[in-house]
Amino acid sequence: MNHNVWEDGFFKIDPECHIIGDMEPINHFPGVQMWWDAIDGIMRPTIQGAPGNYMETLEPWELQKSTDPENILRAMDKYGVDVACILPESMMDTTGYSSRWCTNGDAWKAVQTHPDRFIINPNLSPVKKRGVENAIWEMEYWVEHGAKIFKYYSPEDTYINDPELWPFYKRAEELGIVLCIHAGFSWVPPGKSKYCHPTQIDDVAREFPELKIVAFHMGYPYTDAMNLVAMGHPNVYLCLSLLVPWAISAPYKFAHILGEALRFVGPDRIIWGTDSAGYGAQIGAAAAGLTDFEMPEELQWKYGYPALSDEDKRKIFGGNLGRLLGIDTGKRRGGNDAAGDSLNPHAKKITVASDENKEGNKNMTLKQYDVVIATPMGEMDGKVTFAIDGTSLAGSIVFMNKDNSFSGGSIDPEGNIAFQGELKTPIGAMEYTITGVMKNDNIDAVAKTKMGNLAIRSK
């Protein structure tokens, strides 16, 4: 992104910006652990293929998960996002329906901190399992407090077209709200994918033709089915949330997804989104992805995809959703408050994590190496710093612009090294164990991770 994000002409509204609560008290639930295991699987298709030079532009704070709404605003300022619909995730199936991850009340508190930039997107899920009447009551409550957009996450509840939900949809239609529905696949067990196939939205849109429906994730991987549902129902909108970063990491894949939607539905009913969940990098990838994307000419003549104009981008980024929510998109809502690390009072410098690395320890040897790290996304540059005291090893690995410190390692007289720690990535910390050889001022090592083995060698 080589332009001023507040002068690109794209008023950006994110309908799916998750606020993340403290999950530590619920991490012991088997369903929550199953959910986290699925996140490890999502890592590969999410970031594989991203150019190394793009990843290197990310700042450390963007790769750290944060529960602080100020971190959302910081990313919005950096990437030119005007308004974020703050959305809490219920995921009650992961806790045996004993508790939510984050409440609508928590989201409401966050909205009050920056009401010009945040609006609430209450999560009404689950609807059937907690009682349709209860869900309707809460929907009415938040409408009285100004809410205009809501979410229903069916994978933890029932089929989207379950007739028992008809009173809920009817009341949503009467209230004139925008209802976002998770469509396609659940992505994360224990949610059930059978509950959210796009063809189920066909029934809802037919029965409630005035209900404004936004289909999150464009029904992926059933995007063709989702396009046909939206083609036949003018009250159905397609949302690109979660998929836009592929414009950077898998541009031809993204071109097919967006190109088919433009052919069948047109630019007036496509909506941008991030599906961010605590990481600034997710907001950045979605914003930069669509801003810089151009429909490849090769696909235009092969598949009949239309070229993507700036006017199309204006509609997708914020014009279409702004029209539904009554938001004036003629005047940007940021520009002077964008801040980098130098303006962040909470920024911390991370140093070598060795308790022995203190002034006066004359046995300490410090060595620094420029290295190449082979990842599923390709080779990426990094740095390794070792603090050696006898057979003890500590230090840090700089990877994706993040300084990852470690301690408690070992080195023998032959130069064999072994240590372990965590590497920060765009979707969370990744544990590693490294073994290898440091000899003649060269490193040849392997990091074992859940993503597979990452080779590390000196430049």
Side-chain angles (χ1 to χ4, degrees), residues 15-21 23 26-27 29-47 87-102 121-130 135 150-162 164-165 168-169 179-204 213-227 229-230 236 238-246 253 257 273-279 282 286 427-428 450:
E16 192 176 12
C17 183
H18 295 287
I19 184 171
I20 302 299
M23 293 185 62
I26 61 171
N27 275 335
F29 282 100
V32 175
Q33 295 171 15
M34 181 183 293
W35 191 94
W36 279 120
D37 287 342
I39 290 298
D40 289 337
I42 291 174
M43 178 183 291
R44 185 180 299 274
T46 300
I47 63 176
L87 170 62
E89 227 23 307
S90 58
M91 294 293 176
M92 291 192 70
D93 56 342
T94 66
T95 65
Y97 299 92
S98 64
S99 63
R100 283 173 173 256
W101 285 11
C102 191
N121 183 351
N123 195 329
L124 299 173
S125 317
V127 174
K128 182 176 180 177
K129 287 189 181 298
R130 69 186 180 108
F150 293 79
K151 181 182 179 182
Y152 174 48
Y153 182 73
S154 66
E156 65 178 342
D157 194 23
T158 186
Y159 296 97
I160 294 172
N161 60 350
D162 186 334
E164 291 190 38
L165 301 182
F168 169 76
Y169 292 132
L179 183 62
C180 303
I181 299 178
H182 180 99
F185 222 77
S186 78
W187 294 82
V188 279
K192 297 179 176 63
S193 297
K194 66 181 181 180
Y195 287 161
C196 53
H197 195 283
T199 55
Q200 297 168 28
I201 295 178
D202 181 50
D203 292 337
V204 178
I213 299 171
V214 173
F216 277 166
H217 320 309
M218 206 172 279
Y220 189 87
Y222 312 113
T223 51
D224 286 346
M226 191 71 254
N227 288 334
V229 171
V236 175
L238 307 173
C239 183
L240 289 164
S241 59
L242 185 64
L243 308 179
V244 192
W246 294 351
K253 177 71 171 180
I257 291 172
T274 70
D275 193 22
S276 61
Y279 294 96
Q282 294 171 313
I427 59 173
K450 289 184 178 181

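Bear in mind that the values here come from a model prediction, so they are computed numbers and not experimental data. Values reported hereafter were calculated over all heavy atoms of this structure, with side chains retained and with hydrogens, waters and symmetry mates removed.
- Partners of A230 under the side-chain contact (heavy atoms from CB on, under 4.5 Å) rule, at least two apart in sequence or in another chain, are V236, L238, V265, R269.
- In this structure, Q33 has no side-chain contact (heavy atoms from CB on, under 4.5 Å) partners at least two apart in sequence or on a different chain.
- Partners of F216 according to the ring-ring contact (aromatic ring centres under 6.0 Å, His included) rule, which considers only residues two or more places apart in sequence or in another chain, do not exist here.
- Looking at K128 and L165, their side chains come closer than 4.5 Å, going by heavy atoms from C-beta outward.
- With sequence neighbours excluded, the residues satisfying ring-ring contact (aromatic ring centres under 6.0 Å, His included) with Y159 are Y195.
- Without hydrogens or angle criteria, H217 side chain to S241 main chain gives a donor-acceptor distance under 3.5 Å.
- By the salt bridge (Lys or Arg N to Asp or Glu O under 4.0 Å) test, E156 is found to be paired with no residue, residues two or more places apart in sequence or in another chain being considered.
- With contacts defined as side-chain heavy-atom distances shorter than 4.5 Å, the pair T274/E16 does not qualify.
- When the side chain to side chain donor-acceptor pair (under 3.5 Å) test is applied to Y152, the partners found at least two apart in sequence or on another chain are D157.
- Two residues are said to be in side-chain contact when any heavy atoms from C-beta on lie closer than 4.5 Å; L179 and Y169 meet this criterion.
- When side chains are defined from C-beta on, C239 counts as touching P15, because their heavy atoms get closer than 4.5 Å.
- The side-chain contact (heavy atoms from CB on, under 4.5 Å) search around T95 returns I26, F29, V32, S98, S99, W101, not counting sequence neighbours.
- No side-chain heavy atom of I20 sits under 4.5 Å from any side-chain heavy atom of Y279.
- Judged as a side chain to side chain donor-acceptor pair (under 3.5 Å), and not counting sequence neighbours, S154 has no contacts.
- By the side chain to side chain donor-acceptor pair (under 3.5 Å) test, D93 is found to be paired with no residue, residues two or more places apart in sequence or in another chain being considered.
- Taking F168 as the reference, nothing meets the ring-ring contact (aromatic ring centres under 6.0 Å, His included) condition, with sequence neighbours excluded.
- Contacts of K192 classified as salt bridge (Lys or Arg N to Asp or Glu O under 4.0 Å), with partners at least two apart in sequence or in another chain: none.
- For P221, the side-chain contact (heavy atoms from CB on, under 4.5 Å) partners two or more places apart in sequence, or in a different chain, are F185.
- Counting only N and O atoms by type, the side chains of N123 and E89 include a donor and acceptor under 3.5 Å apart.
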